[in-house]
Amino acid sequence: MEYNFKELEQKWQKFWNDNQIYKVEVDNSRPKYYVLDMFPYPSGAGLHVGHPLGYIASDIYSRYKRLNGFNVLHPMGYDAYGLPAEQYAIQTGQHPAITTENNLNRYRQQLDKIGFCYDWDREVKTCDPDYYKWTQWAFIQMFNHYYCNQAMQARPISELVDVFAQTGTEGLDLACSEELIFTADEWKAKSDKEQQEILLNYRLAYLADTMVNWCPALGTVLANDEVKEGVSVRGGHPVEQKVMRQWSLRVSAYAERLLTGLDNVDWSDSLKEIQRNWIGRSEGAEMTFKVKESDVEMEIFTTRADTVYGVTFMVLAPESELVDQLTTSEQRAAVDAYILETKKRTERERLAEVKKVSGVFSGAYAINPLTKEEIPVWISDYVLAGYGTGAIMAVPAHDSRDFAFAKHFDLPIRQVVIPEGGEATDPATWNDSIDSKEGTMVNSGILDGLSVKEGIAKTKEYIKAEGIGKVKVNYRLRDAIFSRQRYWGEPFPVYYKDDMPYMLDESKLPLTLPEIDKYLPTEQGEPPLGRAKNWQTEDGYPLELNTMPGFAGSSAYYLRYMDPKNDTALVGKEANEYWQDVDLYIGGTEHATGHLIYSRFWNKFLYDMGAVIKDEPYKKLINQGMIQGRSNFVYRVKGSNTFVSYNLRKDYDVTEIHVDVNIVRNDELDIEAFKKWSPDYANAEFILEGDKYICGWAVEKMSKSMYNVVNPDDIIEEYGADTLRLYEMFLGPLEQSKPWDTNGIDGVHKFLKKTWRLFYNSDQLAVSNDKATPDELKVLHRTIKKITDDVERFSFNTCVSAFMICVNDLNDLKCNKREILEPLLALLAPFAPHISEELWSQLGNTTSVVDAQWPELNESHLVESTVTYPVSFNGKMRFKIDLPADMNPKQVEEAVLAHQSAAKWIEGKTIRKVIVVPKKIINIVVG
RNA sequence: GCCCGAGUGGUGGAAUUGGUAGACACGCAGGACUUAAAAUCCUGUGACCAUUAGGUCGUGCGGGUUCAAGUCCCGCCUCGGGUACCA
């Protein structure tokens, strides 16, 4: 019987499905293991061969854990809200729910063919009301909580209301948008509306006028991680800064915990580093500079308090509130003109013109709290309103931006740090600021002679003692803008009364997305939900018109998989206590600053509430590499319809043209297929090498326009799912990015056929029950050891080669013993489940190989009686000798020196040293 | 600019703790079987020198540590990723 992959793969997929082999339930008698894939957004293009890479890896690990006795949760679902479906709806009028459903079904069909062990009963879709009910619920909870910096924890807002009524803000340290100070009496004197407005300043989900990334082309606001280099990540449209009243999540409150939490998770260093940079913790001091002849005080943040004697001017961000208060009447016109000018520039222009120095003098002078010097206050857009206090003390001698500014406007520069071993020099001769990370303080009054480190410490102490400032930690991480002016997203469970937002009662959830006539903003410029009829509460209060962003639905989906049908909680206690957290999470690194931050934030909040039992959601995380495209080219001789083969192209004047990789095999063009590919080429002529047309190639992004998209369905059609699975793993290390190259897939397919032939002798199953020989057992146990080790360290590519070695060896030994082959199938089952299941059942097993036992390693089969030692002279390997394994190093040394091959290398030389590393190597130093 | 990561045959890659560099595949060359093809199997395959025996060189470049370096250290180069007027 031949290895008929098509028939047997279909047969076993049906069997697994019919018998619910992958269904999992809470089972307290077995340890749990939770393996999660980042769920896909089902795009219209379907899966290409790069998508399943991570899914295959997680599937292998899930099956491996199950064979080792774990109760494995391995679910899948869809991130179903998103821009492409909505953009398509705008163009065609087709409801995004329909587009989404179609795409999703196509994804499911494609996924099913690969033979994954998902428990589809637990599927979640973010656009499903039963699911987004809990997204809305979590939002309500965030609205009803604030963050206490002292307890480092979220607390119910009702507690805060009580505290305000008793003691005002006295002694509180709260995460907030703006520092407010009021007494209990002041609080009580405020109207209900004023109190609500104040509470918004503390809520974890809050509505506020904030500077947002506005993307006119998409007609919506975007979060920071959705903007890169001044354009939207999706679509690449320009983004501008704009103040809008929007919902935000107070993610910044959790900055410190998001940072320290990274120490307790098993993620790659690079990913942790990306998150650390994004959170951007910087420790420094906040100092107050009084303004001359004014009550105004300027708060600045600096990490280099020690350089305060080098401050020669101050700079305010153009958006700073102080600008208005400080500007003198003489400077008013100039300042207004400058502000107007900066407002007009988009974020992108600002980024592109980083080198361009611009600014304006405010007319005001600040007083250096240490030197009492009067220093001018300038306004410039190189200072950002959103970071620190929106104001800086400029030290041009030791900061390159301040230096450029000082040069441009001819402001004084004063050196306060001299580098190690250097001397103070005249700043007028400098071309750039001087690095001051290390060195000695000069021109710095009380700090003179101290090192930079000592200087920082002493300044901090001094300003604290003098009441000039305080030690402060700043974070780059901003709150997440949570409103989108779009249709295809979760509606907010929010209504407005007297212009203040209120939450719907939980009993009203889910608030389902209404139908609308067009997926466009209203004539008045309201978001699409403004078109919905009766979009109001039962009492007639208007509902929120914005919807939630894409990351809302993906923030807690891993919790829902634990208990997907629960209609009284996001996740029930029993399920959460059993499944706890995700043991292994596999997905792309592109989510490092988006989903993986939001999701950790969301989880920590739920943890604070007591809704979940784990503080961190994802214990171990692996980023699979990107699969790039590998394009092929043909070379058309200019002005003709003749194509010249790759290695002959230099002799002609040619144009390089992309050719569909699906009609190229091992870089050889299928000429007949090429002629049919496009009518233009029907009469093409070819200049061949030998009798072949060889194509050129290049690594590019996988995309339709490069004709390098490979569909997994086509690979499965030709080779089967098991070959696809093995080949994707064989391609290289999981975490490494690599181009998809179908060259080489034959090798993996051949391996499966060879495996099949170990069991089948022509048409007959020919497996014997004879006892295995020591050699055969050695091959098996060597493989058990290698595969177990390699699976544990996610080195799946080396697993595949270990299987090849094993099957080649067994083939050489003509081994057809059940004692060897049956355990081999259990090892292979996670990688190639279909063929393993078929052969497993052919051996007479009545239960699925999915529930077989992982073979146990017996080291005694691996013990060798002799060791083959490589013998090196001065580090160069010269020959090998076989020696008994129980020889001690002294005996080994004697045996080697007595060996005939050694004579040649020793002759005429002195033996200086002999190094014997037992069971490894012998090195003889001669000279 | 700053922070990560990586550079190994014609190609993908292996070498887990410093111990035989190039496992396993692809490709290529030659051969067996076949009328032929497909399929399958066998042999060879880092470069250079040498008829053979064998030798020299070789893991981006330059230095170093070590009996021994792809692996550790120092200085560069190239590529990939992240991030940026963040004070």
Side-chain angles (χ1 to χ4, degrees), chain A residues 2 228-229 268-278 280-282 284 300-304 307 315 317 350-351 353-357 380-384 386-395 398-402 404-405 474-476 589-590 592-593 623 625-626 628 630 666-668 697 727 730-733 735-739 741-748 750-751 753-754 757 786 789-790 792-793 795 797-805 808 811 868-880 904 912-917 919-927:
Chain A
E2 282 285 296
K228 216 167 253 188
E229 283 157 15
S268 73
D269 288 340
S270 70
L271 193 73
K272 285 187 184 185
E273 207 52 37
I274 294 171
Q275 288 214 341
R276 287 196 185 107
N277 288 340
W278 187 258
R281 183 183 199 274
S282 77
I300 61 96
F301 174 76
T302 178
T303 54
R304 292 301 304 276
T307 60
V315 188
R350 230 171 126 157
L351 283 170
E353 296 165 10
V354 159
K355 293 266 142 56
K356 203 174 125 189
V357 178
S380 171
D381 65 0
Y382 84 89
V383 172
L384 304 178
Y387 182 76
T389 59
I392 61 153
M393 61 177 214
V395 185
H398 305 292
D399 180 286
S400 64
R401 297 153 303 174
D402 296 347
F405 195 82
N474 247 319
Y475 300 91
R476 207 185 69 98
T589 180
E590 68 272 19
T593 54
N623 293 120
M626 281 249 291
Q628 298 141 304
R630 185 181 188 277
N666 286 331
D667 292 334
E668 184 188 340
W697 63 275
Y727 187 59
F730 191 56
L731 223 42
E735 302 195 61
Q736 190 174 304
S737 284
K738 55 231 161 198
D741 179 357
T742 310
N743 297 351
I745 196 166
D746 284 330
V748 169
K750 252 187 246 173
F751 156 74
K753 285 202 259 185
K754 257 190 213 175
R757 282 200 304 269
K786 178 77 176 153
D789 286 357
D790 286 3
E792 284 294 354
R793 63 191 182 100
S795 177
N797 56 327
T798 52
C799 286
V800 179
S801 66
F803 280 124
M804 288 173 169
I805 292 168
N808 287 344
N811 206 41
T868 303
Y869 278 99
V871 182
S872 328
F873 288 81
N874 295 341
K876 284 198 171 81
M877 209 281 284
R878 296 303 177 182
F879 62 91
K880 292 178 188 172
K904 168 176 169 193
R912 309 254 179 221
K913 204 170 182 180
V914 179
I915 285 127
V916 176
V917 183
K919 306 210 162 129
K920 280 245 165 85
I921 198 170
I922 300 161
N923 190 18
I924 299 166
V925 188
V926 294

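Computed from a prediction, not measured in an experiment: that's the story for all the values here. Lettering of chains follows the sequences in order, A, B, ..., and the numbering in each one begins at 1.
For B/U51, there is no paired nucleotide, since no Watson-Crick or G-U wobble pair has both relevant distances below 3.5 Å. Pairing for B/G70 is absent, with no Watson-Crick or G-U wobble pair whose two atom distances lie under 3.5 Å. Of the nucleotides present, B/A32 is the one that pairs with B/U40 by Watson-Crick or G-U wobble criteria, both distances under 3.5 Å. When Watson-Crick and G-U wobble pairs are counted only if both distances are under 3.5 Å, B/U17 pairs with no nucleotide at all. Pairing of B/A25, defined by two Watson-Crick or G-U wobble distances under 3.5 Å, is identified with B/U11. Nucleotide B/G5 is matched to B/C79 when pairs are restricted to Watson-Crick or G-U wobble geometry with both distances under 3.5 angstrom. Pair check for B/C85 finds none; no Watson-Crick or G-U wobble contact set falls under 3.5 Å. Pairing for B/U59 is absent, with no Watson-Crick or G-U wobble pair whose two atom distances lie under 3.5 Å.
Among the nucleotides B/A15, B/U40, B/G82, the one closest to any side-chain atom of A/K750 is B/U40. Comparing atom distances between the A/R476 side chain and each of B/C86, B/A21, B/C67 picks out B/C86 as nearest. Residue A/F730 places its side chain closer to B/A25 than to any other of B/A25, B/G13, B/C85. The listed nucleotides are B/A23, B/C67, B/G82; the one nearest the side chain of A/S801 is B/A23. Of the listed nucleotides (B/A87, B/A15, B/G54), B/G54 has the atom at the smallest distance from the side chain of A/K904. Of all nucleotides listed (B/C26, B/C3, B/A15), B/C3 comes nearest to the side chain of A/N277. Considering only side-chain atoms of A/W278, the nucleotide from B/A84, B/G55, B/C86 that sits closest is B/A84. Among B/A23, B/G54, B/C86, the nucleotide with an atom closest to any side-chain atom of A/R401 is B/C86. Closest contact between the side chain of A/D741 and the listed nucleotides B/C4, B/A87, B/U11 involves B/U11. Comparing atom distances between the A/I921 side chain and each of B/G19, B/C24, B/A87 picks out B/G19 as nearest.
Proximity of A/K876 to the phosphate of B/U56: no side-chain N or O atom is located under 4.0 Å from OP1 or OP2. Between A/K913 and B/C67 there is a side-chain N or O to OP1 or OP2 distance below 4.0 Å. The side chain of A/R878 places an N or O atom within less than 4.0 Å of a non-bridging phosphate oxygen (OP1 or OP2) of B/U56. For A/K753, a side-chain nitrogen or oxygen approaches OP1 or OP2 of B/U40 to under 4.0 Å. Residue A/N808 places at least one side-chain N or O under 4.0 Å from the OP1 or OP2 atom of B/A25. For the pair A/Q736 and B/A6, the criterion of a side-chain N or O lying under 4.0 Å from OP1 or OP2 is not met. The side chain of A/Y869 contributes no N or O atom lying less than 4.0 Å from OP1 or OP2 of B/U20. Between A/N797 and B/A14, a side-chain N or O to OP1/OP2 separation shorter than 4.0 Å is present. Within the 4.0 Å cut-off from OP1 or OP2 of B/C41, at least one side-chain nitrogen or oxygen of A/R757 is found. OP1 and OP2 of B/U83 both lie 4.0 Å or more from every side-chain N or O belonging to A/R276.
Following rounding to the nearest Å, A/D667 (CG) and B/U11 (C1') show an atom-to-atom distance of 9 Å. In this structure, A/R281 atom CZ and B/A84 atom C1' are separated by 20 Å, rounded to whole Å. Distance, A/Q275 CD to B/C3 P: 20 Å, rounded to whole Å. Protein atom CE of A/M877 is 15 Å distant from nucleotide atom C1' of B/A15, rounded to whole Å. Distance CE (A/M804) to C1' (B/G12): 12 Å, rounded to an integer number of Å.
Across B/G7 and B/U11, the matching C1' atoms stand 16 Å from one another, rounded to whole Å. Separation of the C1' atoms belonging to B/U78 and B/G30 is 39 Å when rounded to the nearest angstrom.
At a cut-off of 3.5 Å, with distance as the only test, no side-chain donor of A/K913 or A/N923 sits close to an acceptor on the other residue.
Among the atoms of the strands shown, only primed sugar atoms or phosphate atoms (P, OP1, OP2) are found under 4.0 Å from some heavy atom of A/V925.
The residue among A/I922 and A/V748 whose nearest nucleotide of RNA chain B lies closer to the 5′ end is A/I922.
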